[in-house]
Structure formats: C-alpha cells, structure tokens
Student: 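Please find one structure pasted underneath; my questions will follow.
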Amino acid sequence: MNDTSLATDCILLIMNCQKYALKAESQKNTWLRNMNYLPFFHVVGDPNLHYDYEFRYETNKLIVCVDDDYQSLPKKVIRAYEAIRKHFPSIKYIFKTDDDQILQPENANKFFETIRKMLFQSINQNEKIHYAGNIVNVNQPYLSKYHEVHSELPEYLPIQKTKYCNGRFYVVSEEAVDDLLKKKHYIDLEFLEDYAMGYHLSDEFKKTIKHLASDMYFKDMQTS
C-alpha cells in the first residue's frame, strides 16, 4: 500500500492476531493477492505498543494497543475504527471481516466494487446505508452458549434484544463509526464483537440497514 491510498473512500479491515499470523498470510497469498480495488489492513493487538495504534504499510498491518486474545475482539475492533477515522479522514465506509474468511480470488475486486456502488447509490438517493451485512434479529433476550466454542468467554453472557450484522462480513459508514466511538467504554465491556457493534449502534443508523448474503461469497478457511 502506498500514500495514494489516503485518498480512498472505503477500506477493508481484517481482524487477525499474532497467534494466527499464518491465516493472514494465507489470505494474502489467495484472494488478497490481486486486491487492487481498495486498501486493506490486517488488525492485530499489542498491549505493549507505545502508541494507541501503528500502521505498517509494508505489511498491510494495523497494530492497536490492546490484548491480542479472542475476548478482547470488541476492544480491538473499536480501536481499529478509531485509528481509521483519525488517520484516514476521507474514508466513507469501513468493510470488516476476519482472518478465517476466504473469497474466490477472481471475484474479490468485483465483490467490493459491487458493494461500494450500492453504498454510494444509496447516498445519491438520499437513503444512505449506514450498516450492512448478514442481519441477525434477536427478538428476545437469551443467554449465549458461545463459551462452548470459545472457552475463554464467560459462561454467563446475556444477549439483549437487538438487530446486528454477522461478523463474517459487514459494513459501517463513517457516521455509524463515529456513533460507535461515543460508546467505546460500553463496547469495551462486551465479549461478542458483531453483537456489540449492532447492539450499541443507535437505531437511527439502522433505519436503512441492508441485508447482504455474505455467506454466499465468504467461506470459512479450511484448516488442517
């Protein structure tokens, strides 16, 4: 990535950690290899970082000052958003995905180009989309059992009634990010990143929420 990326209006953030650095490399060697439509960063945490964040352009990496474990994912994401808003003032949308996701390499640029066109068309029609992804409707509160998948999570993990976009892939506008940054303290107390963003995002930014069938395009990386 070079300085010409500073003028772009969309950016892709991919959540990663040092433990799974090979997943990031696998993505770079497959669907990200020919990515030339928008800039991207793999986001990792480093609690010993001397700054709030650090961009390493030569490796397409964003380091944020936070623990690099699964339960800190909400903290990692909100700090990555904060870094983007401070460092890339022209960004209109942030695309977020994870290091275990793959796209067909030949479709990657086309996918993001199509999404971008849809987003900016909504602006032109005065119905700006602020939040988009595979929508999950939580119609009544329940206790999450996600600790059975990630044992480091607390067993008592209540999920409140809300609407959020699945973490496999979602989009947030600059206004939605600014709204979430105002709730940074509350997001820091959460454990499930995608739920946290949707739960704390103000309802006004969900009025034009757009469903994206992301599971039709993104697939889980096969690991041995």
Side-chain angles (χ1 to χ4, degrees), residues 1-2 4-5 8 10-49 53-81 83-84 87-88 91 93-116 132-134 146 148-153 165-172 191-195 197 212-224:
M1 188 183 303
N2 54 47
T4 60
S5 299
T8 191
C10 294
I11 202 163
L12 172 65
L13 296 182
I14 308 167
M15 297 304 125
N16 184 221
C17 64
Q18 297 292 352
K19 181 180 179 180
Y20 295 116
L22 288 178
K23 290 185 177 181
E25 290 304 312
S26 178
Q27 289 180 322
K28 288 181 179 180
N29 291 328
T30 53
W31 62 275
L32 289 173
R33 176 183 292 178
N34 297 315
M35 172 64 71
N36 55 25
Y37 188 73
L38 79 167
F40 69 88
F41 291 100
H42 280 101
V43 183
V44 299
D46 181 356
N48 298 313
L49 194 69
Y53 60 87
E54 179 182 326
F55 287 93
R56 297 180 183 173
Y57 294 98
E58 68 279 4
T59 55
N60 292 86
K61 188 176 290 187
L62 167 58
I63 316 294
V64 291
C65 187
V66 69
D67 288 336
D68 202 34
D69 51 22
Y70 186 81
Q71 58 265 45
S72 298
L73 188 55
K75 299 183 182 73
K76 179 184 289 185
V77 172
I78 196 64
R79 281 159 178 74
Y81 290 171
I84 294 299
H87 202 72
F88 293 84
I91 291 294
Y93 286 99
I94 295 176
F95 301 156
K96 179 267 172 186
T97 189
D98 295 322
D99 61 7
D100 62 352
Q101 297 301 306
I102 58 173
L103 275 172
Q104 290 298 321
E106 64 273 17
N107 294 333
N109 284 299
K110 183 178 180 180
F111 171 81
F112 291 110
E113 180 180 9
T114 300
I115 297 298
R116 181 189 175 279
N134 195 340
Y146 213 54
E148 297 177 359
V149 179
H150 290 276
S151 58
E152 61 269 43
L153 295 177
C165 293
N166 182 277
R168 181 190 292 266
F169 174 79
Y170 66 79
V171 181
V172 280
F191 291 93
L192 302 179
E193 172 264 329
D194 49 4
Y195 161 76
M197 299 305 162
L212 302 175
S214 57
D215 55 344
M216 292 181 60
Y217 304 96
F218 287 86
K219 302 299 180 183
D220 292 335
M221 187 180 295
Q222 298 299 316
T223 57
S224 55

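In this chain, numbering begins with 1 at the start of the sequence shown.
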Student: Are any of the side-chain heavy atoms of M35 and F40 separated by less than 4.5 Å?
Tutor: yes
Student: Whether the side chain of N166 engages the backbone of N134 through a donor-acceptor N/O pair (distance < 3.5 Å, no angle test) should be reported.
Tutor: no
Student: Can you find a pair of side-chain heavy atoms, one from L212 and one from Y170, that are under 4.5 Å apart?
Tutor: no
Student: So, do I11 and L38 sit near enough that their side-chain heavy atoms are less than 4.5 Å apart?
Tutor: no
Student: At their closest point, which heavy atom of P39 faces which heavy atom of T8, and how far apart are they?
Tutor: CG-CG2, 3.6 Å
Student: Using modelled atom types only, decide if a donor and an acceptor are shared between the side chain of E193 and the backbone of Y70 within a distance under 3.5 Å.
Tutor: no
Student: Given 3.5 Å as the limit, does a donor-acceptor pair link the side chain of T114 with the main chain of K110, or not?
Tutor: yes
Student: For D99 and N16, does a side-chain donor sit closer than 3.5 Å to a side-chain acceptor?
Tutor: yes
Student: Please determine if D68 and K76 form a salt bridge, counting it only when a charged side-chain N lies under 4.0 Å from a carboxylate O.
Tutor: yes
Student: To the nearest 0.5 Å, tell me how far M221 CE sits from Y20 OH.
Tutor: 12.0 Å
Student: Roughly how far, to the nearest 0.5 Å, is SG of C165 from CG of D194?
Tutor: 9.0 Å
Student: A side-chain contact here means heavy atoms from C-beta on lying under 4.5 Å apart; do F55 and H87 qualify?
Tutor: yes
Student: Does any part of the side chain of M197, heavy atoms only, come nearer than 4.5 Å to the side chain of V172, both counted from C-beta?
Tutor: no
Student: If I take atom SG from residue C17 and atom NE2 from residue H42, how far apart are they, to the nearest 0.5 angstrom?
Tutor: 11.0 Å
Student: Could you tell me whether E25 and K23 make a salt bridge, using a distance below 4.0 angstrom between a side-chain N and a carboxylate O?
Tutor: no
Student: Without hydrogens or angle criteria, can the side chains of S72 and D69 be said to hold a donor-acceptor pair below 3.5 Å?
Tutor: yes
Student: Please check if the side chain of W31 supplies one atom and the backbone of N107 the other of a donor-acceptor pair under 3.5 Å.
Tutor: no
Student: Does one side chain, of Q71 or H150, offer a donor that lies under 3.5 Å from an acceptor on the other?
Tutor: no
Student: Determine the sole option in T97, I94, N60 for which the side chain to side chain contact (heavy atoms under 4.5 Å, CB included) test with L12 is passed.
Tutor: T97
Student: Without swapping roles, check the side chain of K96 against the backbone of G167 for a donor-acceptor pair under 3.5 Å.
Tutor: yes
Student: Using modelled atom types and a 3.5 Å cut-off, is there a donor and acceptor pairing between side-chain atoms of K219 and backbone atoms of D215?
Tutor: yes
Student: Would you say the side chain of V44 lies within less than 4.5 Å of the side chain of L62, judging by non-hydrogen atoms?
Tutor: no
Student: Walk me through whether K75 and L73 qualify under side-chain contact (heavy atoms from CB on, under 4.5 Å).
Tutor: CA-CA 5 Å; K75 299 183 182 73; L73 188 55; over 6 Å; no
Student: Do M15 and L13 come within less than 4.5 Å of each other through their side chains, counting heavy atoms only?
Tutor: yes
Student: Does the ring centre of F112 sit less than 6.0 Å away from the ring centre of Y217?
Tutor: no
Student: Distance from L32 atom CG to I14 atom CD1, nearest 0.5 Å?
Tutor: 4.5 Å
Student: From I102 CD1 over to F218 CZ, what is the distance, rounded to the nearest 0.5 angstrom?
Tutor: 10.5 Å
Student: Nearest 0.5 Å, what's the CD1-OH distance between I84 and Y53?
Tutor: 9.0 Å
Student: Are F95 and F111 an aromatic pair by the rule of ring centers under 6.0 Å?
Tutor: no
Student: Between R168 and D220, is there a side-chain N and carboxylate O pair less than 4.0 Å apart?
Tutor: yes
